[in-house]
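A short worksheet on the structure shown next.
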Amino acid sequence: MKYCIVVLLFLSLYTRIQGQFKTHKQEINIITDNDNYDLELTDRYYSNGFILQYNRAVSTGIKGVVKKINRFEAGHKVYNPFTNRISAENVRVQMDRPYAGWLYGSFGSTFFTTKQHVVEYTAAAGIMGPSALGKEVQQGWHKFIGLYQVYGWEYQLNNSIGLNASGAYYHNVVNAKETGAFTMHLVSKAELGTIFSNASAGLLLKTGSLNKEEQQSGYWSGQLGADAKTFNRKEFIFFAEPLLQYQLYNATVQGTLFSTDKGPFTTGIQPLLFQLKTGMMLTGNAVGLRWYYTFRGREGSSMRKAEHWGTIGLSVRF
């Protein structure tokens with residue numbers, strides 16, 4: 001019922017605020033991840049995340065690039081094992097991945113090319129461990145909304161400074177200009193740093209009521225600075241992004257990279273895993289909404305099951 005009320009409030013806000021088309025160059029995204037959003041009522045592995053993002057369309061003189069969007073982001077993420085209730089001893093006996101908090105800030109850019117390809121890069125810095133306040137956030141939230149008491153945070157990973165760089169390349173294979181309502185991109189992604197190091201490859205499939213140019217696609221906040229003559233402010237996107245990922249290092253599972261004192265409990269990684277992100281986006285003009293579901297294979301070698309979570313997001317442009 002709570003989730004239904006949230007969705008109805010979002011839809012009410014969306015219909016009230018759209019109004020007449022205006023060209024916006026700035027955007028604020030408020031994004032929340034939680035493994036309860038998929039309605040299975042679990043509380044394990046990647047348990048909760050909150051992301052605040054500011055995007056701005058800027059001019060660019062790069063040859064072959066038609067648009068550039070800069071991105072500033074602050075985020076907090078919480079990870080815990082298969083169970084976190086009953087007692088600390090019960091948690092320790094069943095522990096299959098460590099507790100961890102990850103608090104970070106990042107800067108990145110998205111480039112749209114004349115050939116409908118999209119390139120992204122991001123640089124992030126933060127802290128993992130007790131200083132990231134994962135324990136305080138999770139226990140405080142459970143207490144605030146009247147959920148069970150959380151146990152086991154004394155087994156969390158030690159503090160670690162996080163420095164990460166990542167990039168993504170979306171190579172256009174089928175575009176909406178040709179099909180009218182379907183696009184396909186080949187996807188390549190990579191992360192390198194002290195927290196996450198991995199490489200991924202897969203596909204991005206989009207359908208629905210799509211803008212014909214990728215530089216105006218709401219999937220990448222391309223509606224910022226869009227041309228009023230060709231921009232469809234009622235874009236409705238269904239998407240699926242299946243990826244195969246090879247992990248080199250994952251500090252939220254293995255602990256800090258440069259220390260032997262990683263914490264009370266760590267585990268190895270599962271090198272090869274599958275991830276699927278799928279959902280929908282209603283991009284709108286002044287306000288956008290998003291909901292999607294992520295399924296991800298076992299990150300840690302001792303994890304009992306794969307993980308999954310839902311994402312809800314609100315975008316406001318000005």
I would like to know whether Asp43 and Tyr148 meet side-chain contact (heavy atoms from CB on, under 4.5 Å); could you show each step before the answer? CA-CA 11 Å; Asp43 193 12; Tyr148 60 87; 2.6 Å; yes

Does the side chain of [X] pick up a donor-acceptor pair with the side chain of [Y] at under 3.5 Å?
| X | Y | value |
| --- | --- | --- |
| Asn172 | Gln116 | no |
| Gln247 | Asn198 | no |
| Asn55 | Glu27 | yes |
| Ser221 | Arg71 | no |

With hydrophobic residues grouped by side-chain heavy-atom distances under 4.5 Å, do Leu133 and Ile51 end up in a single group? no

Take the angle between the ring planes of His117 and His171 and call it parallel below 30°, perpendicular above 60°, tilted in between. parallel

Those residues at least two apart in sequence (or on a different chain) that pass salt bridge (charged side-chain N to carboxylate O under 4.0 Å, His left out) with Lys68 are none

Test side-chain hydrogen bond (donor to acceptor under 3.5 Å, both in side chains) applied to Asn158 - qualifying residues, sequence neighbours left out: Asp261

Counterpart residues, side-chain hydrogen bond (donor to acceptor under 3.5 Å, both in side chains), relative to Thr278 (two or more places apart): none

From the list Tyr46, Phe295, Tyr37, ring pair (Phe, Tyr, Trp, His ring centres under 6.0 Å) with Trp309 holds only for Tyr46

Only residue of Gln139, Gln138, Glu136 satisfying side chain to side chain donor-acceptor pair (under 3.5 Å) with Trp153 is Gln138

